[in-house]
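Along the sequence shown, residues carry numbers from 1. Read the numbers this way: they start at 1 and go in the same order the structure lists the ligands and their atoms.
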Amino acid sequence: MKDLKVAFYVTGGIAVYKSISLMREFIKMGADVQVAMTPSATEFVSPLTFQVLSKHAVHIDTFSEEDPHYVQHIHLADWADVSIVAPATANTIAKLANGMADNFVTSALLATVSPIFLVPAMNEHMLEHPATQKNIETLRNRHHYVMEPETGFLAEGYSGKGRFPETEAIIEALEGFLMEFRENLPLKGKKVVVTAGGTKERIDPVRFISNDSSGKMGHALAEAAWSAGAEVTLITVSDLPSRKQINRIQIDSAAQMYEAVNQAFQEIDVLIMAAAVSDYAPLKVEEHKMKKQNQLTIELKKNPDILKEMGKKKTKQFLIGFAAETENIETYALKKLTEKNADLIVANDVGKKDRGFNSNHNEVTIYSDINQPVTIKLSKKAEIAQSIIEILIERLE
Ligand code: C5P
């Protein structure tokens, strides 16, 4: 659960009070939890309880869009690594099974593509009603995990099936579900190395040569590869965050990047060189801060071409390179494909202000050694990364 982003959906049943302990346990285990409640759930427990414990505002009203940057229910759906509905009432289960979206919770769930885990809790007769049973079956066929409620003392004052299970049982089932979900992902068992950012080539203790690359594309690729089930190592110059499940190696120079890539290379299946590697580094790194002078010449030496070197060494490894150009993009991309022995070259025009270096968006054309080029129109870098990983998955198959 450590660093897992959990969308926690609370629907209106008496078991709401138990879901507070469940949510607290997730937080204790290191998860980041955001809560959304149906209006009925708020009749049982105040949203303030969940807000104080989760340290996030609780979502209830689909139309109270306070932050104009986001549509909240879509944002929560996209943000979550996993969505948990606890307790899940017969009503919300029915709506989810039938694709209804009439409140914040059902709208967000309908927009969710990551795994959904439900903990039904209700009266025994409601649970056993053929409509509820059919809806649960529909959700299971859709690969949602629907926990089996426990048998015991119900709020109605008699014993029956429908109780909200104990926190430990829910966590055990959830961990099993998440593990199984990752087992079935397309890049399961694949080791992927991604490089990111513009390398920094030291001149003296306070100065370096670098470029405009932010590392956003590389970090998005590492995240997309992880989401597809790969074991990911991210060799990065950037300060951008990356999830704990990604093995991160922080470096500065092209020489350090070469070392790190070279050391991992034998063992890996895929290398994605998204980094903007500086072609040159100062021949000599000054030990002390250089003093001002009228004219200054810094002698540069050529850096290793990491992708090209790995291209020479490759056996089973699939190599993806990038081509950041301001002119003749196709010609240069095709040249790199053969010269560097790469399997794919992702080419982008870095001469435009609204895309490429440092931007959140990009437009790329992917050149392949065997297929026709594919252009991905101007989109968010996360979406581009997703498309590149999809092409990678197709090629690995
Ligand atoms: O040759 P050019 O720099 O245009 O090629 C870009 C591709 O090669 C990128 O994938 C980049 O990460 C990689 N590269 C490298 N080592 C270098 C320069 C670029 O691996 N020294």
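Residue contacts with ligand 1 for D279 involve side-chain atoms from C-beta outward but no N, CA, C or O (heavy atoms, distance under 4.0 Å). Contact annotation: for K308 versus ligand 1, there are no heavy atoms closer than 4.0 Å.
The backbone N or O of L127 lies less than 3.5 Å from a partner atom in the side chain of Q133, making a donor-acceptor pair. Remark: the backbone N or O of K200 is not paired with any side-chain donor or acceptor of S253 at under 3.5 angstrom.
Of all protein heavy atoms, the one closest to atom 20 (O) of ligand 1 is L307 N, 2.8 Å. The nearest protein atom to atom 8 (O) of ligand 1, hydrogens excluded, is given as K340 NZ, 3.0 Å; this is a heavy-atom distance. The closest protein non-hydrogen atom to atom 4 (O) of ligand 1 is K336 NZ, 2.6 Å. Among protein heavy atoms, atom 16 (N) of ligand 1 sits closest to I306 N, 3.0 Å.
We find that R202 and D252 are not joined by a salt bridge, their nearest charged nitrogen and carboxylate oxygen being 4.0 Å or further apart. A salt bridge between K28 and E25 is present, with a side-chain N of the basic residue lying under 4.0 Å from a carboxylate O of the acidic one.
For ligand 1 and A275, the ligand atoms under 4.0 Å from any heavy atom of the residue are 11 (C), 12 (O). In summary, the atoms of ligand 1 found under 4.0 Å from a heavy atom of G321, numbered by their order in the structure, are 10 (O).
Distances between N or O atoms of P304 and those of ligand 1 include at least one value under 3.5 Å. At under 3.5 Å, a nitrogen or oxygen of F322, whether backbone or side chain, sits near a nitrogen or oxygen of ligand 1. Close N/O approach between I320 and ligand 1 is not found [any backbone or side-chain N/O within under 3.5 Å].
Annotation for D343 and R395: closest pair O-NH1, 3.8 Å, computed over non-hydrogen atoms. In terms of heavy atoms, S114 sits closest to A80 at OG-O, 3.2 Å.
Note: F117 and Y145 have parallel aromatic rings, judged against thresholds of 30 and 60 degrees for the angle between ring planes. In this pair, Y158 and H125 present their aromatic rings tilted. The plane angle is within the 30 to 60° band.
Across T199, V277, I345, heavy-atom proximity to atom 17 (C) of ligand 1 is greatest for V277.
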